[in-house]
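Take a look at the structure below.
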Amino acid sequence: QVQLVESGGGLVQPGGSLRLSCVVSGSIFSFNIMGWYRQAPGKQRELVARISPSGSTNYADSVKGRFTISRDNAKRTVYLQMDSLKPEDTAVYYCNRLRAGSEEPFYTWGQGTLVTVSS
């Protein structure tokens with residue numbers, strides 16, 4: 001059974017940084033396209049970044065140039081470095097494997113990690 005465990009969220013001031021981590025157990029991690037999603041209050045969950053098994057990355061326009069996704073296959077972990085944070089980045093952040101050719105998640109969601117950007 002696959003488990004996704006996100007961590008690293010917290011309260012940060014606008015302009016600050018956070019690094020999120022997601023440990024994936026129970027799957028062949030190194031062959032999977034992984035992504036970070038977020039869900040803000042009252043909004044639908046959205047994909048903000050993805051990374052291929054080879055390390056190619058893509059970002060939503062709203063985070064491009066501020067967020068960096070990376071992975072460590074040996075540690076079965078995907079990271080999201082978030083810089084220049086804005087109040088509109090406030091959300092619960094989740095990681096998941098992406099279905100091939102889609103933005104749809106593959107696994108049951110983990111608990112997520114809350115990021116709050118506020119002064």
Side-chain angles (χ1 to χ4, degrees):
Q1 185 174 350
V2 174
Q3 280 194 314
L4 307 169
V5 180
E6 300 94 345
S7 63
L11 173 63
V12 63
Q13 292 187 340
S17 298
L18 281 175
R19 188 193 195 205
L20 308 184
S21 299
C22 172
V23 179
V24 183
S25 61
S27 76
I28 307 175
F29 176 80
S30 61
F31 296 117
N32 297 338
I33 299 172
M34 296 297 300
W36 280 98
Y37 299 75
R38 68 185 180 187
Q39 186 167 21
K43 294 188 177 181
Q44 289 191 329
R45 195 159 6 206
E46 61 172 344
L47 177 67
V48 297
R50 74 176 82 186
I51 185 167
S52 73
S54 64
S56 298
T57 58
N58 290 96
Y59 300 92
D61 287 343
S62 58
V63 307
K64 202 171 293 183
R66 301 188 297 119
F67 289 11
T68 303
I69 188 171
S70 60
R71 65 193 296 161
D72 184 333
N73 289 335
K75 295 183 178 179
R76 307 172 66 82
T77 301
V78 60
Y79 304 97
L80 187 67
Q81 176 67 40
M82 305 187 297
D83 299 316
S84 302
L85 282 161
K86 304 175 181 180
E88 52 263 44
D89 295 318
T90 294
V92 180
Y93 285 73
Y94 304 85
C95 73
N96 212 314
R97 172 186 171 186
L98 274 69
R99 294 186 179 275
S102 167
E103 294 188 356
E104 294 301 309
F106 194 93
Y107 300 125
T108 300
W109 295 106
Q111 83 288 350
T113 187
L114 176 63
V115 172
T116 303
V117 185
S118 175
S119 55

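The salt bridge (charged side-chain N to carboxylate O under 4.0 Å, His left out) pairs that include a residue from residues 6-34 number zero, where partners must be two or more places apart or lie in different chains. Among pairs with a residue in residues 110-119, none fulfils side chain to side chain donor-acceptor pair (under 3.5 Å), at least two apart in sequence or across chains. Legend: disulfide (SG to SG under 2.5 Å) pairs involving residues 82-119, not counting sequence neighbours, sorted by first then second residue: Cys22-Cys95. Within the structure, salt bridge (charged side-chain N to carboxylate O under 4.0 Å, His left out) contacts touching residues 93-106 (residues at least two apart or in different chains) are Arg50-Glu103. Sorted by first then second residue, the ring pair (Phe, Tyr, Trp, His ring centres under 6.0 Å) pairs that include residues 16-36, not counting sequence neighbours, number zero. Listed by first and then second residue, the ring pair (Phe, Tyr, Trp, His ring centres under 6.0 Å) pairs involving residues 4-24 amount to none (not counting sequence neighbours). Listed by first and then second residue, the ring pair (Phe, Tyr, Trp, His ring centres under 6.0 Å) pairs involving residues 66-92 amount to none (not counting sequence neighbours).
Within 6.0 Å of NZ on Lys75 lie no more than 12 heavy atoms contributed by other residues, nucleotides or ligands. Crowding of Glu88 atom CD: a count of heavy atoms from other residues, nucleotides or ligands under 6.0 Å exceeding 12.
The minimum heavy-atom distance between Gly9 and Leu20, with the atom names listed, is N-CD2, 3.6 Å. When all heavy atoms of Arg66 and Asp89 are compared, the pair lying nearest together is NH1-OD2, 2.7 Å. Nearest heavy atom pair, residue Ile69 against residue Gly35, reads CD1-CA, 4.4 Å. When every heavy atom of Leu4 is checked against every heavy atom of Thr108, the shortest pair comes out as CD1-O, 3.6 Å.
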Using the rule given for side-chain contact (heavy atoms from CB on, under 4.5 Å), can you reason through Val24 versus Met34, listing the C-alpha separation, both sets of side-chain angles and the distance that settles it, and then say yes or no? CA-CA 10 Å; Val24 183; Met34 296 297 300; 3.8 Å; yes
Can you list the steps and then say if Val63 with Arg38 is a side-chain contact (heavy atoms from CB on, under 4.5 Å)? CA-CA 11 Å; Val63 307; Arg38 68 185 180 187; 3.9 Å; yes
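Residues forming a side chain to side chain donor-acceptor pair (under 3.5 Å) with Gln3 (at least two apart in sequence, or on another chain): none. Not a single side chain to side chain donor-acceptor pair (under 3.5 Å) links Arg76 to another residue, sequence neighbours left out. Annotation: side chain to side chain donor-acceptor pair (under 3.5 Å) contacts of Lys86 (sequence neighbours excluded): none. A search for side chain to side chain donor-acceptor pair (under 3.5 Å) contacts involving Asp83 returns Ser17, Gln81, not counting sequence neighbours.
Cluster note: Tyr37 groups with Ile33, Leu47, Val92, Tyr94, Leu98, Trp109, Leu114 through ILVMFWY side-chain heavy atoms spaced under 4.5 Å, whether in direct contact or through intervening members.
Separation of atoms OH (Tyr93) and CG (Leu18) is listed at 9.0 Å; rounding is to 0.5 Å.
Although no hydrogens or angles enter the test, the distance criterion places no donor-acceptor pair under 3.5 Å between the side chain of Thr77 and the main chain of Val23.
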